[in-house]
Amino acid sequence: MSVDNGPLIIGFLCNWCSYAGADMAGTSRAAYPANIRIIRVPCSGRVDPLLIVKCFEEGADAVLVAGCHPGDCHYNEGNYYSRRRFALLRALLDFMGIEKERFQVEWVSASEGKRFAKIVTKFTEEMIERGSRKAS
Amino acid sequence: MPETSAIVLEPTNNFLSFVQSHTGENITSCYQCGKCSAGCPTAYAMDITPRQVMRGIQLGLKDEILDSSAIWLCVSCQTCSLRCPREIDIAKIMESLRLFSQAEGRPPAQREIAVFYSAFLQQVRLFGRLHEIGLAITYNVLSMHFFNNIKRLPALLTRGKLKLVPQRTKGSSEVRQIEARVKELERKSS
Amino acid sequence: MHATAAEYDVSTRLVCQKLGVELRELEDWVCCGASAAHSTDHLLSLALPAHTLKQAEEKGLPLAVPCAMCFSRLKFTLHELENKDTLALVSGAVGKELSTAVTVKPMLQVLADEDIPLPIAKPLSGLKVACYYGCLLVRPPEVVGFDDAENPQTMDHLIERLGAEAIDWGLKTSCCGAGVAFARLDVVLKLSHRILSLAQKSGADCVAVACPMCHANLDMYQKDMTVKLGWKTELPVLYFTQLMGLSLGFSPKELLLDKHITNPLPMLREKKLT
Amino acid sequence: MSRIGVFVCHCGTNIGGVVNVPEVVEAARHMPLVAYADANKYTCSEVGQASIRDAIREQRLDRVVIASCSPRMHENTFRRTVAAAGLNPYLLEISNIREHCSWVHSDSKDATAKAIDLVRMAVAKVARHESLLPKQVGLTKRALIIGGGITGIQAALDIASAGHEVVLVEKEPSIGGRMSQLDKTFPTLDCSACILTPKMVDVAQHPNITLLTYSEVKEVRGFVGNFEVDILKKAKMVDYVKCTGCGTCWQACPERIPSEFDMGLGSRPAIYIPFAQAVPNKPVIDIANCRYEKYLKWKETEEGPEPPQCRICEGVCPTEAIDRSQKDEIITEKFGAVVVTTGFKTFDHSVYGEYGGGRYPDVISSLELERLMSAAGPTGGEVLRPSDGSHPKNVVFIQCVGSRDDKVGRPYCSKVCCMYTAKHAIMLREHDHEVQCYVFYIDVRAGGKDFEEFARRAQDETGALYLRGRVSQIYQEGKNLKVLGEDSLIGRPVEIEADLVVLATGMEPSDNADLIAQKLNISYNTYNFLIEAHPKLRPVETQTDGIFVAGTCVGPRDIPDCVAHGGAAAAKVVALLSQDSLTTDPLTSIVDPMKCVGCFACKEVCPFNAIDEQVTRDKRTIASINESLCKGCGLCVVACRPGAVNLRGFTSQQLLSEVLTLVRG
Ligand SMILES: Cc1cc2nc3c(=O)[nH]c(=O)nc-3n(C[C@H](O)[C@H](O)[C@H](O)COP(=O)(O)OP(=O)(O)OC[C@H]3O[C@@H](n4cnc5c(N)ncnc54)[C@H](O)[C@@H]3O)c2cc1C
Ligand SMILES: Cc1cc2nc3c(=O)[nH]c(=O)nc-3n(C[C@H](O)[C@H](O)[C@H](O)COP(=O)(O)OP(=O)(O)OC[C@H]3O[C@@H](n4cnc5c(N)ncnc54)[C@H](O)[C@@H]3O)c2cc1C
Ligand code: SF4
Ligand code: SF4
Ligand code: SF4
Ligand code: SF4
Ligand code: SF4
Ligand code: SF4
Ligand code: SF4
Ligand code: SF4
C-alpha cells in the first residue's frame, strides 16, 4: 500500500454513471485528495457485499460505492438491488466491529463531476479524522 | 398589494422559512395558478386574494400579509386546499397567519371578525358551551334570531338507551383548566 | 359549532326515537371553539375538541355530531393526534391520556345508514329538494373521510328514500360564509344568496341542510337579501331531519317547522305534504 | 506464464506534468509478470499505437496494460490496436491515470504513488483476463410495429421503403390513431384527414407492409434480431378477401352503439368501419353488440327474453362476405426489431368533481370538440351544444386539465394543449363570427416553429380573451354554465356565464401501455409512458436492444414531432436490419454447470430475462445464460450463493485481485 499519508479508500464506481462522473471531475479539474483508488464495475449491483467485507478485512480504511441515481440505472434496476444489499451490509459491518461510517454509498451521475469531487473530499476528511483502522 | 415603492428583495427570506417551518407546507411550490382564489368564497371581499397571499410569502412581504384583511376574511372552508394542484394546504396557512398576526399584536385588518372570535372564546370559557345572551352582551352586533332557539349543543351518542341528561355546565371549569394548561405549555415552549 | 338549533335538536330526537337509534348526550361536552379557537390559538383549538373526544372514548361510544363545524374540528383533532408529539402535547393540555380510538360521524351519516329501515308514513312525493352539505362536512376528504368532496350523495340518497326528488345542482358544498355572519353580514348574504338562487333556478322547492350554522345563514337572512340583493322570493330551508320526520308521520308542529324564519308551511301545503 | 506489457502515457503534460511517468514505468518493470514497460508521449496517436504493436510482436507480449486516459475514451481504439498485433482484443486493461489521477491531484508525489497503484491493479486484473470472442448471430430482416397512429404509419412506411418487411399491428379496426379524429391541425390548419389519408392508403398498398388490424400482441420471446411474437387476430366475422367494402351491410344494420371514434357524440352500427376513410375500408362485426351474436349467446342458455335473430347484414351483402365461422386466432411471427407506437388517450376529466365530474353535457373535452368541428363528425361540422343542439356563443376553454396537477397525479405538461386550444379558438371563430372565446391558461406554451405566431393569432385576430388563471369550479345554472376563475394578472375572481366549456384534457398513455412494456421487457414511468434509453441522445431506443419506441407512447408530443420520431425509429431499425449478422458483446455472464445448484436466485434479479432453465445430461435443472440478452450488469453474480455465475471482464477473481494487490501492496 502506497498511501503514505492518510487513509486508504477503495471506490467501486459503476461504469455508466459514477465512473463517468469521476471522469467528469477530471475533465473539469475538480481536485480531491489522492487517497481514493477506483475500481471500475459495470453496475453498483455487481459489487458483492462480501468483497467489501474483504476490503475491510484486508485493512482498507474505507469503502465508497457509487452508482447511478435511483431510477437512472443503465440496467433498469441494478442499483435498486444494491441499495437493499448495502443496507443489510451496513448492519453486518456494525456487528463485525467496523464503524459503519467507513462504508458509504452514493449516487453520482455522469454529469456530477464536481459533486463527486466534493463527496470524495468530504469522505476523505472524515476518514482522516477517524484515523487509520490499523492505528486504532 | 398596498406598497407604493418597489419591493426590495432580501437574499434570505425569513418570513417564508418561518411560515413554511411552522405550517409544514411547501409554499415555494405554489405556481400562482389562482385556483385557490378562483374558488374562494370570500376572495372577492379580500384586499389580496389567497394566491397573492402565497406570492407575498414567497417574496417575504411580511407586513402586507399579516396586516391583510384576507387572512381574517378566510372562513376556513377548505375549498382552496381541496383543489390546489400543488397540494398546498392554503387554509392551514391562512389559519397560521392569523395566529402569527395576533402573536405579533398586530391590529387585525378585520377588527369585527377578530373581536367576534374572542367574544366567542370568552363564552366557551365562561359556560363551557355557547350562551347566547352572554355572547350578545359581549358582542353587541348580535342578531337575536341567530341564537334564539338554541337550547344546547348536543354531541350525541348512538346506541344505548335514550337518556337525556339535563344541561350542566361542569364543562366550563374544565375549559378554564385546559386553557390554563395551554397557556402554561406555551409559556414554557417560547 | 355555535349551538344547535331547537328545530334540529327536536326533529333529530324524534326521528331517532322512531328509528330506534338511541342517543345519549355527553354530560360534559365542551364547545370545540369552532373557527374562533383555531383562528387564534392552535393548541387550544386541539385541546377543546380533544376533551370531548376523551369523554366519548371513556364511554366507549361512537360520537354522532350534528354540527358540521364541530364535526370538522373533532375530525381535525383526531387527524392531528395521529402525530405522536401532538398527542403528547395535547394530552398535557387536557390533563388526560388521549388516544385516537374514537369513532366520529356526522349525524347525517348515522341517520342515512341504509341498514336502518325507514317506516315511511307519508312519502314526500312531488317535493324537489336541493341537498346542501356545506363545506366542512366533506372537507378535507383525507381528514373527514366522508362522502365525495365535490359531489356528495349521502343526503341525496336519503331524501330519495323519503320519496322526494333530490335535484342535481352545483353548489352542494359551496361555503355559505360560516361564522363571519356577525362581522361581515354582507359576505354571508352574497354567498348564501348565490346558493339559494341556484337551488331555486335548479327547480328546488326547498333546501335541506345538516348543520345549524348552514341553516342559520341560509334561512335567516332572506329578507336582507331582498333588500340588499334583490332576492325576489323565498326558499324554505329545512333540516334533513325535519324532512325525515315529515315522512315518518310527525306533524309540522312537532318538528317545529313553524319556527323557521322563512316559513316552509305554505310550500308544504301546496305540495299537499301537511 | 504471462508476458505483460505496460505502456504509460504522458499525454503531453496532461499526465506527465503531474505524474512522474518514468518512475511509474520503472515501478511497472518490477511488477509480477510484467515483461516490458515503456512510456509514450501520445499513446493514441498513430506513432503511439504503432509502438505498442511493435512491442507486442517484438517482446512476444500476451497481455497489455495501457496507463492513460479513461477507458471510456479510448478502450475501443486500443482494443483494435492490440488486435492488429495479433492479440485477442480483450487481453487489454486500461489504467485511468489521467481523469482519475493527474487531472484531479496536484501533488506530484501523491499522484505518482497513486498512478503506480492503479497500474499495479490493472496488471493484476489483466493477468486474469481471458481471450473472448464476440459472437455473431443471424437476424430476421423484418420489423414489427405495434400501433398504427401517425407515428406507427410513418415508421412503417420508412422501414418498408428501405426494403424491409414490416408487420403493422393495430388493435382497432382501422389505422390512423388519434390524428384521424382531428379536424384541422396546428400550426398550419391543414385538414387532418387530407394529409393523413394518403399515408394510410400508402400503408395499405405498400408491398412490404402487412397490415394486421383488429389485432394485438400477446407474447414476445427472443432477443435483438430474433424475436418471436404471438399476435392475436380478433375475429372480424367478415372475409376480407370477398368483401369489397361496398358499405351495404353497415348501412343496413339496425343496431346503434355510441361511436368510440366520435367520442360517444354519435353512433355507429354493429357491423362498422370506424370512420369513412378507414384503412382497411372493410367492416368488422362488433360481437358484443351484434344482435345475432347476442341471439347465439342466448341460445346457449336460453335465459331471459329471446333476442331477435337479425342477420340483416348477411342478407344484404352482395359478395357473401360475412363469415360467422371466424374465430380469434393467434399467429406467431419472427422479427428482427420491434417499434412500439401505441400512442395516447386523453385524461378522463370525470375525476374533477369541481368541473362537474362528467355530469354536465356541455362541459366537453377538446377531442370531443374536434369531432363536433369535423365535417365528417356527428353534427356534420356544426358546433352544437350536446345538451340542446343550440349554437354556443360564449365558449370557455380551460387549459391544463389533467396536466400540471399533482392533485390528480399528473404533474407533467401535455405539451400540445396550449396549441390546440389556440387552434380551437381560431376555428370556432371561423365557424361562427359571433362566438366569444375565453381561454383560462397558466402559461401559454408555444415553443416550436411558427407556434408562438399561431398562438398570438388566436389572441390578436379572433378576440379570444386569454385569462391567466386556473378555473376552480363550473356549475350548471339554468341552461348555461357558471365558470369561476381568477384573473391572476389583475388579482380578482372572475365569473363567466358560458354556453359551452371545453376542457383541454392532457395526454396519457394508451390503456395497457404498461402491459406491452412488460411483454417487451422495457421500462415505463409512473404514468406508464415508455422510457427511452437516453432522453436526449437515444430518444427512440430502449434499454432492450432491438426494441424501439416512438410517438406519444413515450411522452406528449404533437404531429410534427411524432412524424420525426417515427422516422428516427425507422432509421434505427433500418440500420439494425441492414446488417447481415449481429455482433454480441462477449462481456456477459456465464454459469459454471458444476457449481450451479438450480436455485435461480440469479434469474430473479436479472433485469433482462437473460437467464433460462436448462436440464443437464445428468438431469439437473441449472441456469443458463442467453448471451444475446445478457447485458453484463453482474447482478446475477452477486445473487448466486454458490458462486456459480461469473461476469466476463469483471470476474470475482479479478475484482478480488485488484483489491488484494492494492491493500497488500
Ligand atoms: C384534441 C387534440 C387536438 C390535437 N390537435 C393537434 C394539432 O392540431 N396538431 C398537432 O400536431 N397535434 C395535435 N394533437 C396531437 C396529436 O393528436 C398527436 O400528436 C398524435 O396523434 C399522436 O400520434 P401517435 O401515433 O403517437 O398516437 P395515436 O394517434 O394515439 O396512435 C396510436 C395507435 O396505436 C394503437 N394502439 C394502442 N395500443 C395498442 C396495442 N396495445 N396494440 C395495438 N395497437 C395499439 C391505437 O389504437 C392507435 O391507433 C392533438 C391532440 C388532441 C388530443
Ligand atoms: C444557452 C443554451 C443552453 C442550452 N441548453 C440546452 C440543454 O440544457 N438541453 C438541451 O437539450 N438543449 C439545450 N440547448 C439547445 C442545444 O444547444 C441545441 O438544441 C443543439 O445544440 C443544436 O444542435 P445542432 O446540431 O442542431 O446545431 P449546432 O450545435 O449549432 O451545430 C451546427 C454545426 O454546423 C456548423 N456549421 C454551420 N454552418 C456551417 C456551414 N455552412 N458549413 C459547415 N458547417 C457549418 C457549426 O459550426 C456547428 O458545428 C441550449 C442552447 C443554448 C443556446
Ligand atoms: S391553487 Fe395552489 S398553486 Fe395555485 S395559486 Fe393557489 S396555492 Fe398556488
Ligand atoms: S379556506 Fe379560506 S382562503 Fe381557502 S377558500 Fe376557504 S375562505 Fe378562501
Ligand atoms: S491515450 Fe489518452 S492519455 Fe494518452 S495521449 Fe491519448 S488522450 Fe492523452
Ligand atoms: S356488404 Fe359485404 S362486401 Fe359490402 S362492405 Fe359489407 S361485408 Fe363487405
Ligand atoms: S346481424 Fe344485425 S346487428 Fe349484427 S351486424 Fe348484422 S345487421 Fe348488424
Ligand atoms: S401544453 Fe399548455 S395546456 Fe397543455 S399542459 Fe402544458 S401548459 Fe397546460
Ligand atoms: S443463482 Fe447460481 S446456483 Fe442458483 S441457479 Fe443461478 S447460477 Fe445456479
Ligand atoms: S449479467 Fe445481468 S443481464 Fe447478464 S445474466 Fe446476469 S443479471 Fe442478467
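All chains are named by letter (A, B, ...) in the order of the sequence lines, taking the proteins before the strands, and each is independently numbered beginning at 1.
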Which heavy atom of G177(C) sits nearest to which heavy atom of V75(B), and what is that distance? O-CG1, 3.5 Å
Nearest heavy-atom pair of P141(C) and L82(B): which atoms, and what distance? CD-CD1, 3.4 Å
Identify which of E150(C), H215(C), R194(C), K105(C) forms the greatest number of heavy-atom pairs closer than 4.5 Å to chain B. E150(C)
Within the 4.5 Å heavy-atom criterion, are T42(B) and L191(C) side-chain neighbours or not? yes
Within the structure provided, determine whether Q78(B) and P140(C) are in side-chain contact (heavy-atom separation under 4.5 Å). yes
Taking atom CD as the centre, does E97(C) end up with more than 12 heavy-atom neighbours from other residues, nucleotides or ligands that are less than 6.0 angstrom away? no
Rounded to the nearest 0.5 Å, what separation is found between the CZ atom of R139(C) and the SG atom of C80(B)? 9.0 Å
Contacting region of S81(B) [heavy-atom separation from chain C under 4.5 Å]: neither
